[in-house]
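Along the sequence shown, the residues carry numbers beginning at 1.
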Amino acid sequence: MVPITKGIAILPLIGEVDTERAALLLEETLKKANELKLSHMLFDLSGVMIIDTMVAHQIFKIVEALGLLGVKTILIGIRPEVAQTMIQLGLDFSKITIKANLEQALLGLNLTIDSLE
């Protein structure tokens with residue numbers, strides 16, 4: 001997890017996500033979000049090519065658990081293959097903010113790259 005500015009961090013997820021890594025991700029993300037006193041976390045999935053059913057559910061659990069800590073999660077960079085898997089699972093994304101990329105997510109938080117420098 002990389003802090004961007006006070007209360008906001010990005011979690012770039014890269015590579016294959018298996019059951020073990022997904023469980024570790026949940027545990028570590030909650031700890032780090034609490035340590036950094038986050039209000040928002042940008043969960044970047046652009047580096048994930050495919051996910052299975054269990055991992056999609058685990059990502060959903062991470063978003064829900066962060067919500068219980070008061071952290072608003074924004075999913076960014078979802079690839080078409082990943083989106084297809086998530087939709088096939090019938091997961092309800094109506095309460096989750098989703099943006100195409102980091103720039104859109106930052107604009108949604110009234111931030112720009114220039115304002116972070």
Side-chain angles (χ1 to χ4, degrees):
M1 192 175 300
V2 181
I4 295 176
T5 188
K6 185 178 180 184
I8 301 172
I10 186 167
L11 178 62
L13 197 55
I14 299 169
E16 187 176 331
V17 182
D18 59 14
T19 306
E20 185 178 317
R21 185 174 180 207
L24 179 64
L25 188 63
L26 173 62
E27 182 181 326
E28 293 299 317
T29 300
L30 295 178
K31 277 195 251 181
K32 196 68 170 174
N34 193 46
E35 285 173 22
L36 294 173
K37 298 178 178 23
L38 295 182
S39 60
H40 291 82
M41 195 212 32
L42 310 177
F43 199 165
D44 185 357
L45 300 173
S46 61
V48 178
M49 301 299 176
I50 57 170
I51 60 171
D52 64 16
T53 304
M54 191 290 311
V55 173
H57 277 292
Q58 196 71 7
I59 289 170
F60 208 73
K61 285 181 187 178
I62 291 168
V63 172
E64 287 180 329
L66 285 168
L68 292 174
L69 297 178
V71 179
K72 176 81 174 156
T73 302
I74 301 172
L75 295 180
I76 60 175
I78 298 174
R79 293 179 171 273
E81 304 83 8
V82 173
Q84 188 174 4
T85 301
M86 292 176 149
I87 294 302
Q88 288 173 347
L89 293 173
L91 298 175
D92 178 15
F93 288 94
S94 63
K95 296 178 183 170
I96 298 174
T97 303
I98 301 170
K99 300 291 181 181
N101 54 47
L102 179 59
E103 181 181 18
Q104 284 184 5
L106 292 175
L107 287 173
L109 296 171
N110 295 320
L111 295 172
T112 62
I113 299 297
D114 293 336
S115 70
L116 297 175
E117 294 176 350

For this session: Show your working on side-chain contact (heavy atoms from CB on, under 4.5 Å) between Glu103 and Leu107 and close with a plain yes or no.
Result: CA-CA 6 Å; Glu103 181 181 18; Leu107 287 173; 4.2 Å; yes

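- The shortest non-hydrogen separation linking Val71 to Leu38 is CG2-O, 3.4 Å.
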For this session: Show your reasoning for whether side-chain contact (heavy atoms from CB on, under 4.5 Å) applies to Ile14 and Val48.
Result: CA-CA 5 Å; Ile14 299 169; Val48 178; over 6 Å; no

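- Here the CG atom belonging to Leu30 is positioned 9.0 Å from the CG atom belonging to Leu68, to the nearest 0.5 angstrom.
- The main-chain N or O of Met49 is never found under 3.5 Å from a side-chain atom of Arg79 such that the two would form a donor-acceptor pair.
- Going from atom CD1 of Ile62 over to atom CG of Leu26 covers 5.5 Å, rounded to the nearest 0.5 Å.
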Exercise. Under the side-chain contact (heavy atoms from CB on, under 4.5 Å) criterion, do Ile59 and Leu45 qualify, and how do the steps go?
Worked result: CA-CA 10 Å; Ile59 289 170; Leu45 300 173; 4.1 Å; yes

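- Between Ala56 and Leu89, the shortest heavy-atom distance links the atoms CB-CD1, 3.2 Å.
- Of all the heavy atoms in Leu42 and Ala105, the pair that sits closest is CD2-CB, 4.0 Å.
- Side-chain contact between Arg21 and Leu13 is present, with at least one heavy-atom pair separated by less than 4.5 Å.
- Connection of Val82 to Met54 is established within a shared hydrophobic cluster, with ILVMFWY side chains joined at heavy-atom distances below 4.5 Å, either directly or through further cluster members.
- The same ILVMFWY cluster, assembled from side-chain heavy atoms under 4.5 Å apart, contains both Ile76 and Val2.
- Between Gln58 and Leu25, the closest side-chain pair of non-hydrogen atoms is not below 4.5 Å.
- Atom CD1 of Ile50 has 12 or fewer neighbouring heavy atoms from other residues, nucleotides or ligands inside a 6.0 Å radius.
- Counting heavy atoms from C-beta outward, Ile8 and Leu36 have side chains that stay 4.5 Å or more apart.
- Ile10 is listed as a side-chain neighbour of Leu102, based on a closest heavy-atom distance under 4.5 Å.
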Exercise. Which is it for Leu11 and Met41 under the side-chain contact (heavy atoms from CB on, under 4.5 Å) test, yes or no, and what are the steps along the way?
Worked result: CA-CA 7 Å; Leu11 178 62; Met41 195 212 32; 3.7 Å; yes

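- Within 6.0 Å of CD on Glu20 lie no more than 12 heavy atoms contributed by other residues, nucleotides or ligands.
- The pair Glu28-Lys31 counts as a salt bridge, with a side-chain nitrogen and a carboxylate oxygen less than 4.0 angstrom apart.
- No side-chain donor-acceptor contact under 3.5 Å links Gln84 to the backbone of Pro80.
- Counting heavy atoms from C-beta on, the side chains of Thr97 and Leu75 never come closer than 4.5 Å.
- Counting heavy atoms of neighbouring residues, nucleotides and ligands inside a 6.0 Å radius, atom CD of Glu81 exceeds 12 of them.
- Considering only heavy atoms from C-beta on, Leu66 stays 4.5 Å or farther from Phe43 through its side chain.
- For the pair Leu111 and Thr5, the minimum side-chain heavy-atom distance is below 4.5 Å.
- Side-chain contact check for Ile74 versus Leu109: some heavy-atom pair is nearer than 4.5 Å.
- Here the NZ atom belonging to Lys32 is positioned 14.0 Å from the CD atom belonging to Glu27, to the nearest 0.5 angstrom.
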